[in-house]
Undergrad: 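Attaching a single structure in structure tokens format; questions to follow.
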Number of protein chains: 2
Amino acid sequence: MFNNTDKSYPIELVADFLGVNSRTLYYYERFSLVCPARRGRKRYYSKQDISWLEYIRELMYDQGMNLRSIIVLIKRRDNVILTRCPEDVVNSFKNYLMKMDDYF
Amino acid sequence: MFNNTDKSYPIELVADFLGVNSRTLYYYERFSLVCPARRGRKRYYSKQDISWLEYIRELMYDQGMNLRSIIVLIKRRDNVILTRCPEDVVNSFKNYLMKMDDYF
DNA sequence: AATAATTTTTCACTTAAAGTGAAATTAAAT
DNA sequence: ATTTAATTTCACTTTAAGTGAAAAATTATT
């Protein structure tokens with residue numbers, strides 16, 4: 001139907017699919033952990049975004065990582081992360097205005 | 001002076017060396033993350049205990065892991081862990097009375 | 001033995017990360 | 001213009017990790 005990088009799924013659907021609150025997705029977005037497309041003001045996520053978000057949950061709940069350490073891996077361009085992390089997320093960390101630092 | 005597994009260092013010295021509060025070491029002990037010897041009621045730690053504790057701190061602060069996930073790795077007998085984790089700690093997880101579960 | 005000193009234990013507290021509920025705001029649709 | 005729906009804001013909750021201080025227990029000293 002949609003290809004992997006087509007930003008087509010609205011936030012409620014994604015939240016529902018992942019079993020998380022949509023506020024959690026807004027929360028992740030503050031750290032640029034995911035970069036949905038905006039059409040109008042609505043957010044749309046790709047399949048890749050969704051599996052990346054699933055991977056984040058796995059890292060957190062199975063591997064016991066926290067958001068900060070996931071961000072560190074993205075900044076480091078760690079291989080484990082890069083195979084899964086959408087390009088737009090990686091790019092959002094190019095400007096070394098470090099996302100997390102505003103909030104912590 | 002002492003070999004690697006000699007339990008010879010008292011808690012205050014270890015806490016001091018690691019830059020943590022001694023209460024933190026008691027806290028880790030509740031989860032069997034470290035098993036000091038007791039002579040009288042005093043605790044004594046080995047060199048291996050100390051470098052294992054250092055590794056725990058590294059996992060937590062550099063790798064962003066949490067105590068629960070470190071415990072999961074010990075239970076899994078994960079290779080990364082087993083090379084560092086003292087035998088008595090590994091053994092303390094043999095009885096599958098899972099340490100963490102009483103408290104969480 | 002009595003007292004002092006030290007270690008351990010307990011209890012309740014602090015801090016920070018992660019997440020969330022609900023109202024207010026803003027934009028889009030009718 | 002009014003309704004509808006997504007977003008934003010604010011303050012709150014929850015949990016993990018850690019800690020301060022007093023109480024209890026043990027060991028050492030006089």
Side-chain angles (χ1 to χ4, degrees), chain A residues 7-45 49 52-74 98-104, chain B residues 7-45 49 52-74 98-104:
Chain A
K7 305 262 187 183
S8 328
Y9 303 98
I11 194 165
E12 282 306 337
L13 185 146
V14 176
D16 220 68
F17 177 78
L18 295 171
V20 304
N21 194 300
S22 61
R23 290 284 295 99
T24 300
L25 300 181
Y26 295 129
Y27 180 69
Y28 287 177
E29 203 175 328
R30 287 173 74 85
F31 311 122
S32 299
L33 278 170
V34 65
C35 304
R38 303 294 282 269
R39 286 196 281 285
R41 52 190 338 243
K42 282 197 74 176
R43 287 168 170 75
Y44 294 93
Y45 297 77
D49 289 335
W52 164 241
L53 287 165
E54 277 185 299
Y55 186 52
I56 288 176
R57 304 299 286 181
E58 185 190 318
L59 287 174
M60 294 184 75
Y61 292 98
D62 302 348
Q63 315 249 68
M65 296 189 71
N66 60 29
L67 294 181
R68 168 172 275 141
S69 61
I70 293 170
I71 288 168
V72 167
L73 292 181
I74 299 169
M98 350 217 83
K99 308 298 172 189
M100 210 82 168
D101 301 355
D102 304 332
Y103 308 103
F104 296 98
Chain B
K7 305 264 187 179
S8 329
Y9 303 99
I11 193 165
E12 282 306 337
L13 186 146
V14 176
D16 220 69
F17 177 78
L18 296 170
V20 304
N21 194 300
S22 60
R23 291 284 295 98
T24 301
L25 300 182
Y26 294 128
Y27 180 68
Y28 287 177
E29 203 176 327
R30 286 173 73 85
F31 311 122
S32 299
L33 276 171
V34 64
C35 305
R38 302 295 281 270
R39 286 196 279 285
R41 53 190 337 246
K42 281 197 75 177
R43 287 169 168 76
Y44 295 93
Y45 298 78
D49 289 335
W52 165 241
L53 287 164
E54 277 185 300
Y55 186 52
I56 288 176
R57 305 299 287 182
E58 185 190 318
L59 287 173
M60 294 185 75
Y61 292 98
D62 301 350
Q63 315 249 67
M65 296 189 72
N66 59 29
L67 294 182
R68 170 172 273 139
S69 61
I70 293 171
I71 287 168
V72 167
L73 292 182
I74 298 170
M98 351 217 81
K99 309 299 173 190
M100 209 81 169
D101 301 355
D102 304 332
Y103 310 103
F104 296 98

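We use all heavy atoms of the structure for the numbers below, so side chains are in, but hydrogens, waters and symmetry mates are not. A note on names: the letters A, B, ... follow the listed sequences, proteins ahead of strands, and every chain is numbered from 1.
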Undergrad: Mind calculating the distance between CD (B:E12) and C1' (C:dT8) to the nearest angstrom?
TA: 11 Å
Undergrad: Whether the side chain of B:K7 engages the backbone of B:R39 through a donor-acceptor N/O pair (distance < 3.5 Å, no angle test) should be reported.
TA: no
Undergrad: Could you state the atom-to-atom distance from CZ of B:R30 to P of D:dA17 in whole Å?
TA: 13 Å
Undergrad: Side-chain contact, heavy-atom cut-off 4.5 Å: A:D49 with A:V14?
TA: no
Undergrad: Can you say whether a donor on the side chain of A:R41 sits under 3.5 Å from an acceptor on the base of C:dT26, or the other way round?
TA: yes
Undergrad: Taking the six-membered ring for Trp, are A:Y27 and A:F31 parallel (under 30°), tilted (30 to 60°) or perpendicular (over 60°)?
TA: perpendicular
Undergrad: With respect to the side chain of A:R23, which nucleotide from D:dT19, C:dA22, D:dG18 is positioned closest?
TA: C:dA22
Undergrad: Do B:S69 and A:Q63 have side chains that approach each other closer than 4.5 Å (heavy atoms only, starting at C-beta)?
TA: no
Undergrad: Measure the shortest side-chain to side-chain distance between B:L73 and B:M65 over non-hydrogen atoms and say whether it is less than 4.5 angstrom.
TA: yes
Undergrad: Rounded to whole angstroms, how far apart are CD1 on A:I71 and C1' on C:dA18?
TA: 12 Å
Undergrad: Of the listed nucleotides (D:dA16, D:dA25, D:dA6), which one gets closest to any side-chain atom of B:R68?
TA: D:dA16
Undergrad: B:E29 CD to D:dA17 C1': how many Å, rounded?
TA: 17 Å
Undergrad: Heavy atoms only, 4.0 Å cut-off, all strands: where does B:R38 land among base, sugar-phosphate and nothing?
TA: sugar-phosphate
Undergrad: Taking the nucleotide of DNA chain C with the closest heavy atom to each, which residue, A:Y28 or A:G40, is nearer the 5' end?
TA: A:Y28
Undergrad: Mind calculating the distance between CG (A:L67) and C1' (D:dT15) to the nearest angstrom?
TA: 14 Å
Undergrad: Nearest to the side chain of B:T24 - C:dT7, D:dG18, C:dA22?
TA: D:dG18
Undergrad: Which whole-number value in Å describes the distance from A:L33 CG to C:dA17 P?
TA: 14 Å
Undergrad: OP1 or OP2 of C:dG19 less than 4.0 angstrom from a side-chain nitrogen or oxygen of A:Y61, does that happen here?
TA: yes
Undergrad: Just checking A:R39: base, sugar-phosphate only, or nothing, at a heavy-atom cut-off of under 4.0 Å?
TA: nothing
Undergrad: Can you check whether B:Y26 has a side-chain N or O nearer than 4.0 Å to OP1 or OP2 of D:dG18?
TA: no
Undergrad: Check every atom of C:dT8, C:dG21, C:dA18 against the side chain of A:Y27 and return the nucleotide holding the closest atom.
TA: C:dA18
Undergrad: When the nearest nucleotide of DNA chain D is assigned to B:N66 and to B:K42 on a heavy-atom basis, which residue is associated with the more 5' position?
TA: B:N66
Undergrad: Between A:N21 (CG) and D:dT14 (P), how many Å, whole number?
TA: 15 Å
Undergrad: Separation of B:M65 atom CE from C:dA17 atom P, in whole Å?
TA: 18 Å
Undergrad: With respect to the phosphate group of D:dT7, does any side-chain polar atom (N or O) of A:R43 fall under 4.0 Å of OP1 or OP2?
TA: yes
